[in-house]
Structure formats: structure tokens, C-alpha cells
2 protein chains.
Amino acid sequence: MALKTLSAMNAAALDKDLMSIGAFSIDQLMELAGLSVSQAVYRVHPPKSGRRILVACGPGNNGGDGLVAARHLWHYGYKPTIYYPKQGKNDLYERLATQLKNLSIPFIEDFHSALKETDHVVDAIFGFSFSGEVREPFPAVITGLEKASVPVTSVDAPSSWNIESGPPSEGPGAEFVPEVLVSLTAPKPLVKWYTGRHFIGGRFVSPDLKEKYDLKLPEYEGIDQVVEVDGEGKVKSNI
Amino acid sequence: MALKTLSAMNAAALDKDLMSIGAFSIDQLMELAGLSVSQAVYRVHPPKSGRRILVACGPGNNGGDGLVAARHLWHYGYKPTIYYPKQGKNDLYERLATQLKNLSIPFIEDFHSALKETDHVVDAIFGFSFSGEVREPFPAVITGLEKASVPVTSVDAPSSWNIESGPPSEGPGAEFVPEVLVSLTAPKPLVKWYTGRHFIGGRFVSPDLKEKYDLKLPEYEGIDQVVEVDGEGKVKSNI
């Protein structure tokens with residue numbers, strides 16, 4: 001049995017439902033999504049494996065999830081650095097960035113230098129709404145992630161991958177396989193091409209929405225905000 | 001060395017700072033506060049000790065924290081019931097209540113009957129902005145909590161206690177000592193009179209604000225959103 005997935009179109013519709021029928025604010029959902037990412041990072045790469053973590057953020061909600069994750073990681077004892085070349089202009093992204101600046105977390109401009117001085121990377125560049133081509137300055141960033149000698153955790157999708165059809169056949173990202181993927185709410189079709197450690201995060205979906213989108217989500221354990229699954233969607237226990 | 005505390009006036013000022021200088025939205029802070037409460041409940045009373053949990057919510061932010069906690073508790077496998085007799089009219093409280101209704105969590109009107117059919121109670125009636133007298137319908141609710149045969153977890157303050165001077169000398173709450181107290185952000189002066197298990201929650205305070213309010217907060221462990229302390233403010237490890 002393969003893992004059940006949510007198409008890009010349905011992922012967008014579910015997101016909309018969470019904020020209308022579901023009555024969640026984007027602040028709440030992003031807080032819980034970023035918290036999930038931070039817990040997956042902690043589980044796979046605890047601070048004793050290296051405290052320096054470079055968080056690459058894109059201009060949209062995926063980048064916002066990365067900003068939230070960075071804040072939680074700081075509180076866990078990591079030393080985050082943020083690469084955020086196309087800062088989203090909306091009020092929420094600006095506030096999330098200010099929250100990090102208040103922790104004296106540096107925002108850097110030279111991704112490639114920063115990549116040489118980190119122990120882990122979080123890829124929060126593109127999420128489920130990505131399609132088409134990777135715009136500047138991100139092609140070189142994707143190539144950097146692809147060749148990185150440190151582990152990468154991707155948020156919702158390995159950036160540059162097509163949500164439905166997986167890695168691009170050529171160019172930046174064609175060989176990119178992050179060590180860890182955190183699928184938010186539910187896995188997207190691209191997971192068929194993904195071979196690393198796979199977590200599901202976003203513990204806020206109601207039974208009604210699960211039914212509406214025909215989701216078969218694994219059971220979270222205890223108070224965990226993430227759950228690790230194998231290629232068939234079976235839970236890998238946190239022991 | 002006694003536990004360092006934050007006066008009611010400074011707690012209000014810190015809350016304001018978190019939302020201005022700190023750039024947090026109330027949605028974010030309430031989400032993290034309620035999450036902290038849910039984690040303390042899980043640590044002390046895991047679902048195997050009884051899944052039924054009655055959450056009593058007041059009209060203000062303390063009640064909002066209770067609504068968030070109830071949602072997380074549902075996701076952990078508890079069966080929450082909500083008593084929310086004076087529902088706050090603002091948009092956030094209404095959305096938090098809808099999020100619970102979407103999980104088919106019942107809202108009940110008869111607190112005393114519900115108290116006979118639960119395994120635990122969360123007291124989210126009054127928080128740090130409480131002062132003066134307990135208004136209807138809460139006096140009888142406080143008396144119910146005081147005499148409850150099941151454990152009570154209070155959010156930020158045992159409801160009816162004066163934030164500075166502790167339990168009232170007579171009337172409802174004079175004998176009320178919840179089994180668990182979760183102080184949000186920092187303990188308030190009332191903890192001097194409190195003898196049960198004590199947690200601190202709200203892992204979002206920046207070093208600048210800690211310094212401004214001269215807070216001596218205990219170190220959280222791992223990814224925990226709560227930390228248990230003894231009467232002197234020393235961490236009691238989660239082992």
C-alpha cells in the first residue's frame with residue numbers, strides 16, 4: 001500500500017478550508033506548522049549534533065513556516081542564521097522576522113558563505129504552491145542545497161520539485177534529495193520520488209476535513225507535533 | 001532563594017510588550033500558551049489516567065488559553081467538555097470555539113453535573129488580570145472546583161485568588177488549591193501561597209524582555225513547552 005497523497009490543488013483547497021470552515025487564522029496554522037518542523041529537526045539532528053542551522057526562506061508561506069521554525073529552534077538551543085532574500089511584504093512575515101531579530105538571530109545575504117559555516121540547513125523556500133520555474137536568486141541556492149555536505153530538512157517539498165511529478169528532469173534540483181522532509185498536513189504526490197526520512201506535521205486537521213479530502217493520516221504519538229512514516233505510510237515510532 | 005515573580009501590573013505590561021516590541025499576535029501567544037497548558041496536563045495526567053477532561057473557561061484571555069488547550073488535548077486522545085458560560089465576543093474567541101465545535105467537542109451549561117462525570121478539570125476562568133470580586137455565575141463554579149474530587153489544573157492563577165495576595169480570606173476559593181498550576185510567561189506573586197505541582201509555560205520570551213522585567217526563568221528542556229519547578233524555582237526534571 002502506497003502512502004496516500006494530497007494533490008497541489010487539493011492542498012490549496014484544504015488550506016482555504018482550514019481558514020474558513022476550520023476558523024483557524026494563518027498565524028495559528030503557521031505557528032503549528034513551524035513548530036512541527038522544529039520538532040522534526042530536533043528529533044533527527046539534536047543540538048549536540050551541531051547547533052548552527054541555516055534557514056533558507058522563500059517569499060511565501062513556506063518561508064513563513066521556516067521563520068517560525070527558526071524561532072523555536074533558537075529556544076531549543078540552536079544558533080539559527082536566516083537567508084531571506086525576497087522578504088514577503090505582508091504584516092505577518094514582517095512580524096515573524098522581527099521576532100527573530102529580537103533574539104539577535106542574524107539575517108545574512110551570502111547564502112554560499114553561510115552554507116560553509118553551518119551544521120544543518122532548513123529548506124523553506126518553496127511549498128505546495130510552487131510550480132513552473134525557479135526564479136532568481138533561488139537557482140544557485142537550490143544548487144547549493146543539492147551539493148551541500150550538511151544535512152538538509154525540507155519543509156513540505158524539496159524546493160524546485162514539482163508537487164505532482166517530483167524532481168525536475170534537469171537543472172537545479174534534479175539531483176536534490178534532502179535528508180529529511182516534513183510534509184505539512186498531508187504528503188503531496190512528490191513523496192513517491194522521495195527516499196529520505198519522512199515526517200508528517202500539522203496536528204490540527206479535523207475528522208470532517210480528513211473525510212472531505214480522503215486523507216489517511218498516521219496517528220501522532222503523545223504530545224508530538226510530528227510523526228515519522230515509512231514509504232507505505234506506516235508510523236515509525238520515536239524510540 | 002524564593003521563586004522570582006512578576007506583579008500583575010508588570011504581567012500586563014509584559015503582555016503588551018510581547019505584542020508591540022515583540023511583534024507577536026495574540027493568536028500566536030494564545031496558541032503557545034494553550035499548548036503549554038496541554039503539555040502540563042499530559043505530563044501529570046496522561047490519557048491512561050482518564051480521558052474525560054472538563055475545561056472551564058472565563059470570558060477573557062485565560063478562557064482563550066483554555067480553549068486552545070482543549071483542542072490540543074483532543075488531538076492527544078482526551079475527551080474534552082467545555083464550560084464557557086460568558087463567551088467573549090471577539091473574533092478570536094469565536095474562532096477558537098468553532099475550532100472545538102468542528103471536533104464535536106461538547107459545550108455544556110450545567111457545570112456541576114459535568115464535574116461529576118469527568119476525570120480531570122482545567123480551570124481557565126481568571127488569569128493575571130483578575131482582581132476584585134468573582135461575578136456570577138462563577139462563585140458556585142469556584143466552590144465546585146474547591147470541593148472537586150478530581151484533580152484541577154489552573155491556568156496562570158487558581159481562579160478567585162488575588163494575583164498579589166493569594167487566596168481570598170473567605171468565601172469561594174478560600175480553600176481552593178489546584179493540584180497543578182501552569183504559570184504563563186512567569187510566576188505571579190500568588191505562587192507564595194501555592195503548594196501543588198508548579199509548571200512554567202510560554203516559551204517565547206526574548207532575552208531583552210527577560211532583562212527588562214528582571215525575570216529569572218528556569219531553562220526549558222529539549223522541545224518542551226513547559227518546565228516544572230519547585231518552590232525555590234529550581235527545575236524538576238521530566239524523567
Side-chain angles (χ1 to χ4, degrees), chain A residues 17-32 34-36 38-43 46-48 67-68 71-78 91-105 202-209 217 219-226, chain B residues 17-32 34-36 38-43 46-48 67-68 71-78 91-105 202-209 217 219-226:
Chain A
D17 278 351
L18 281 165
M19 288 188 269
S20 52
I21 311 165
F24 284 95
S25 67
I26 178 90
D27 292 52
Q28 279 185 287
L29 294 174
M30 204 168 272
E31 192 62 37
L32 294 173
L35 181 70
S36 296
S38 72
Q39 291 195 353
V41 168
Y42 190 94
R43 180 137 8 134
K48 66 180 178 197
L67 297 174
V68 171
R71 171 164 39 83
H72 288 290
L73 289 165
W74 184 90
H75 282 286
Y76 304 160
Y78 292 87
D91 174 62
L92 173 57
Y93 302 148
E94 286 180 8
R95 286 191 289 100
L96 294 174
T98 301
Q99 289 161 25
L100 298 178
K101 287 167 187 167
N102 286 343
L103 300 173
S104 307
I105 293 175
R203 195 173 180 178
F204 45 61
V205 185
S206 66
D208 281 3
L209 287 177
L217 296 178
E219 296 281 331
Y220 291 79
E221 295 181 0
I223 60 171
D224 293 349
Q225 299 293 317
V226 283
Chain B
D17 278 351
L18 281 166
M19 288 187 269
S20 52
I21 311 165
F24 283 95
S25 67
I26 177 91
D27 291 53
Q28 279 184 287
L29 294 174
M30 204 167 272
E31 192 62 37
L32 294 173
L35 181 70
S36 296
S38 72
Q39 291 195 353
V41 168
Y42 189 94
R43 182 141 2 140
K48 67 182 175 193
L67 296 173
V68 171
R71 172 164 38 83
H72 288 289
L73 289 165
W74 183 90
H75 282 286
Y76 304 160
Y78 292 88
D91 174 62
L92 173 56
Y93 302 149
E94 285 180 9
R95 286 191 288 100
L96 294 175
T98 300
Q99 289 162 24
L100 298 178
K101 287 168 187 167
N102 286 343
L103 300 173
S104 307
I105 293 175
R203 194 174 181 177
F204 44 62
V205 185
S206 66
D208 281 5
L209 288 178
L217 296 179
E219 295 282 330
Y220 289 80
E221 294 180 2
I223 60 172
D224 293 350
Q225 300 294 317
V226 282

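Just so we're on the same page: letters track the sequence lines, and every chain starts at 1.
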Honestly, the part of B/Glu94 sitting under 4.5 Å from a heavy atom of chain A is neither

Note: A/Gly222 and B/Tyr76 closest approach over all heavy atoms is O-CD2, 3.5 Å

Turns out that what part of B/Leu35 lies under 4.5 Å from chain A's heavy atoms comes down to side chain

Honestly, the part of A/Gln225 sitting under 4.5 Å from a heavy atom of chain B is side chain

Note: B/Leu32 and A/His72 closest approach over all heavy atoms is CD2-CE1, 3.8 Å

By side chain to side chain donor-acceptor pair (under 3.5 Å), A/Asn102 pairs with (sequence neighbours left out) none

The single option from B/Met30, B/Gln28, B/Gln99 that satisfies side-chain contact (heavy atoms from CB on, under 4.5 Å) with A/Gln28 is B/Gln99

Note: vs chain B, highest number of non-hydrogen pairs under 4.5 angstrom among A/Lys101, A/Glu219, A/His75 is A/His75

Interatomic distance, CG@B/Asp27 vs CD@A/Glu31, rounded to 0.5 Å, equals 10.0 Å

Applying a strict 4.5 Å limit to non-hydrogen atoms, the region of B/Leu96 in contact with chain A is side chain

Turns out that what part of B/Tyr220 lies under 4.5 Å from chain A's heavy atoms comes down to neither

The interface call for B/Leu92 against chain A, heavy-atom contacts under 4.5 Å, is neither

Heavy-atom nearest pair, A/Arg95 first then B/Phe24, reads NH1-C, 4.0 Å

Residue set satisfying salt bridge (Lys or Arg N to Asp or Glu O under 4.0 Å) with A/Arg203, at least two apart, ordered chain then number -> none

